[in-house]
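Scroll down for the structure; my scribbles are underneath it.
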Amino acid sequence: MTGFWPLLKRELWAYFVTPLGWVALTVFLLLQGWHFALVVDHVAAQSAQAGQQTEMSLVSGFFGSTVFLYLILFLLIPPLTMRTFAEERRQGTIDLLLTAPVTNAAMVGAKYCGALIVYLSWWIPTVLYLGIAKQVTAIDWQVVASCYLGVALVGAAYIALGVLASALSRNVFSALLSTVLVVLGLFLFGAVELVTKEGAILHKAARYASIWAHMSELSLGVIDTRRLVFYGSLSLLSLFLTTQVVAAWRRT
Amino acid sequence: MLRIEGLTKRYQNRTAIDHISFHVPTGSVVGFLGPNGAGKTTTLRIIAGALGPDAGSVTIDSVSITEHPLVAKAKIGFMPEHVPLYPEMRVVEFLRFRAELKKVTAKDRNNAVLRAMSEAQVDDVQNVRIETLSKGYRQRVGLADALVGDPPLLLLDEPTASLDPNQIREVRSLIRKLAKNRTILLSTHVLTEVEAVCDRAVLISRGKIVADGPIAEVTSRYEAGSFRLRVRGESLRVQEILSNAPRVTQVQVSPQAGDICTVCVTFSSDFDRELEHLVAALVADGIGISEVRPEQSRLEHVFSELTREEAP
């Protein structure tokens with residue numbers, strides 16, 4: 001992994017000194033804040049009707065019960081990853097990396113980890129939401145931890161797909177579009193479980209790949225190792241393919 | 001220092017470079033000449049490790065770029081034709097990043113960057129964002145990047161392309177300074193650049209090496225050239241004398257004001273001696289000569305001779 005650290009530092013530097021990084025963070029927090037407010041309203045209304053508080057509903061509502069979580073990911077992960085390789089190729093700066101003593105794995109690893117660290121940093125302020133909610137309701141922090149594990153896993157896989165799409169694209173717009181299509185396609189494939197018969201192969205396959213189902217499980221504090229394997233495999237396979245794409249640039 | 005053996009690269013149905021071999025001895029400055037599209041940039045990108053060859057080998061100090069790319073690349077400073085830079089970075093930030101990437105230790109990094117900036121004369125803009133720099137300064141930042149880490153071999157691809165005459169002069173002067181203690185392979189199609197700074201020339205045309213050796217040796221193999229003369233006398237008589245001279249292949253006489261005319265005369269070979277005879281014959285005939293100058297340099301003539309069949 002020769003060259004990994006300087007490249008990772010450069011990636012993080014680029015995200016945080018350009019306005020795009022801060023705009024993305026602001027949009028993410030505004031949308032998540034709005035999403036959290038909707039969930040709080042909904043849980044408060046339910047509690048008032050039932051005459052009791054359900055602290056699990058607040059966390060599971062935020063992390064697993066609404067479509068907003070995924071919409072925000074579809075909206076913000078593609079712009080986060082679109083520049084990783086496509087922009088370097090457009091500007092010609094990819095030659096700086098290809099002619100430096102840097103391995104392909106280090107190049108891909110640094111781009112991926114840079115985007116992943118930025119993505120995870122977006123989630124840090126959301127802990128405050130739960131801190132605020134804790135003033136009025138009990139919060140199970142173990143469930144919260146499994147929810148954050150879920151968003152980390154989903155993000156890790158989406159980002160790996162986005163980095164691969166960026167490596168395959170000649171410009172940032174096609175990288176953006178192809179990432180949106182892939183992550184949306186993956187999400188919709190998971191939703192097929194809702195319209196197929198239980199027990200059917202397609203239903204099983206869709207359930208195995210259903211991000212919504214995975215996040216619903218994790219938001220209840222259930223950590224299933226199959227999910228770890230699914231997202232781990234998806235991430236590693238995408239990153240492996242990306243290193244092959246980078247290696248192919250040297251051949252053509 | 002740099003040895004290339006049987007290097008070949010194909011793009012789909014087109015052969016960009018075809019079994020080329022040459023070497024660049026330690027401490028020399030070699031001009032890598034060829035028309036646009038001859039295969040210069042492809043060759044340089046393979047040497048720099050950005051592109052893999054289909055056949056052949058590249059070794060730098062006996063280290064193969066394909067077998068030990070990380071070791072070989074550490075010995076190379078590459079300045080591509082279109083210098084790629086991160087526009088949002090300041091010059092010093094960019095060079096520090098490049099130094100770290102090139103594995104310059106943290107202890108030596110600051111000095112390495114300062115030295116490169118000083119050599120490339122960009123220390124006065126070290127805190128300026130690259131996006132605001134002029135083209136000339138960007139070229140120099142690219143040169144500073146190639147110099148960071150003090151690599152023994154510099155690959156410079158068209159370093160003066162699209163610069164204005166003052167900037168070209170400055171960059172050439174820089175290359176001459178750098179040539180004192182480094183091995184340089186300078187790719188260009190500007191022949192005066194090679195004549196100004198190189199000891200040797202390698203000519204490539206349509207992906208094949210067509211000449212290789214010290215510049216004097218390369219030009220002596222193709223003794224021929226054109227000269228422009230400014231003479232005073234009757235133009236028909238001038239034409240007659242020149243056309244009858246041996247080894248003259250072409251004469252063009254353009255009458256000017258009064259009895260002055262300019263003449264372009266082309267020799268097939270051995271033109272030094274023939275030019276003397278021709279001047280003597282004109283003077284003996286009472287024709288005054290106020291100027292004799294080469295129409296094109298010898299290297300330029302060799303270049304046009306060897307690359308004549310190049311694609312339009």
Side-chain angles (χ1 to χ4, degrees), chain A residues 1-24 83-111 113-114 118 167 170-172 243-252, chain B residues 9-12 16 41-42 44-54 63 65-66 68-90 93-104 106 109 129-131 141-142 145-146 148-149 151 155 157:
Chain A
M1 291 288 269
T2 306
F4 175 82
W5 289 111
L7 282 177
L8 177 62
K9 279 192 275 182
R10 145 83 205 153
E11 284 300 305
L12 293 173
W13 185 91
Y15 280 119
F16 289 110
V17 297
T18 54
L20 187 71
W22 294 103
V23 168
R83 292 160 59 94
T84 47
F85 282 108
E87 183 72 354
E88 298 260 17
R89 291 181 80 195
R90 192 188 64 79
Q91 288 188 331
T93 46
I94 195 70
D95 273 358
L96 292 173
L97 310 183
L98 294 175
T99 58
V102 177
T103 60
N104 294 345
M107 211 187 299
V108 174
K111 296 270 177 197
C113 289
V118 171
R170 284 247 166 222
N171 62 66
V172 289
T243 58
Q244 297 309 301
V245 173
V246 173
W249 293 340
R250 296 185 197 269
R251 288 194 293 271
T252 53
Chain B
K9 182 72 189 174
R10 293 181 198 89
Y11 294 117
Q12 292 169 336
T41 297
T42 298
L44 257 65
R45 282 173 57 79
I46 293 174
I47 299 170
L51 202 58
D54 290 328
V63 180
I65 190 78
T66 45
H68 305 286
L70 299 185
V71 181
K73 283 178 189 175
K75 295 173 184 286
I76 300 171
F78 179 42
M79 179 186 173
E81 181 181 354
H82 303 289
V83 176
L85 303 165
Y86 293 111
E88 72 279 10
M89 293 182 107
R90 293 175 201 283
E93 288 166 347
F94 173 72
L95 294 173
R96 275 195 201 122
F97 160 65
R98 295 292 292 161
E100 193 177 355
L101 206 59
K102 292 178 182 183
K103 296 195 278 190
V104 177
R109 206 170 295 148
R129 277 186 197 278
I130 289 167
E131 63 194 343
V141 174
D145 172 29
V148 162
L155 305 174
D157 190 3

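What you see below is based on every heavy atom in this structure, not just the backbone, and it leaves out hydrogens, waters and symmetry mates. Keep in mind that what you see is a predicted model, and the values were worked out from it rather than measured. Lettering follows sequence order; numbering is per chain, from 1.
Interface remark: A/Trp249 contributes backbone atoms only to the contact with chain B (heavy atom separation under 4.5 Å). Contacts of B/Arg45 with chain A are made by side-chain atoms alone, with heavy-atom separations under 4.5 Å and no backbone atom involved. With a 4.5 Å cut-off on non-hydrogen atoms, B/Gln12 does not touch chain A at all. No part of B/Ile46 comes within reach of chain A, as not one of its non-hydrogen atoms sits under 4.5 angstrom from that chain.
When atom types are taken as modelled, the side chain of B/Lys103 and the backbone of A/Gly3 share no donor-acceptor pair closer than 3.5 angstrom. Listed for the A/Arg10 side chain is no donor-acceptor partner under 3.5 Å among the backbone atoms of B/Phe97.
In terms of heavy-atom pairs under 4.5 angstrom with chain B, the leader among A/Ile94, A/Val17, A/Leu96, A/Thr18 is A/Leu96. Of all the listed residues (B/Gly52, B/Pro69, B/Ala72), the one sharing the greatest number of non-hydrogen pairs under 4.5 Å with chain A is B/Gly52. Ranked by heavy-atom pairs under 4.5 Å with chain A, the list B/Pro87, B/Pro80, B/Ala50, B/Pro53 is led by B/Ala50. Ranked by heavy-atom pairs shorter than 4.5 Å toward chain A, the options B/His82, B/Lys102, B/Arg98 are led by B/Arg98. Among B/Tyr11, B/Phe78, B/Tyr86, the residue making the largest number of heavy-atom pairs under 4.5 Å with chain A is B/Tyr86.
Distance check: A/Trp13 CH2 to B/Met89 CE gives 4.5 Å after rounding to the nearest 0.5 Å. Expressed to the nearest 0.5 Å, how far CG of B/Leu70 lies from OG1 of A/Thr103 amounts to 6.5 Å. Atoms CG and CG, from A/Asp95 and B/Leu51 in turn, are 9.0 Å apart once rounded to the nearest 0.5 Å. Rounding to the nearest 0.5 Å places CD1 of B/Ile65 at 9.5 Å from OG1 of A/Thr99.
When all heavy atoms are compared, the tightest approach of A/Arg250 to B/Gly49 is NH1-O, 3.0 Å. Between A/Gly92 and B/Pro84, the shortest heavy-atom distance links the atoms O-CB, 3.2 Å.
Contact of the A/Val102 side chain with the B/Leu101 side chain is registered, since non-hydrogen atoms from C-beta on lie closer than 4.5 Å.
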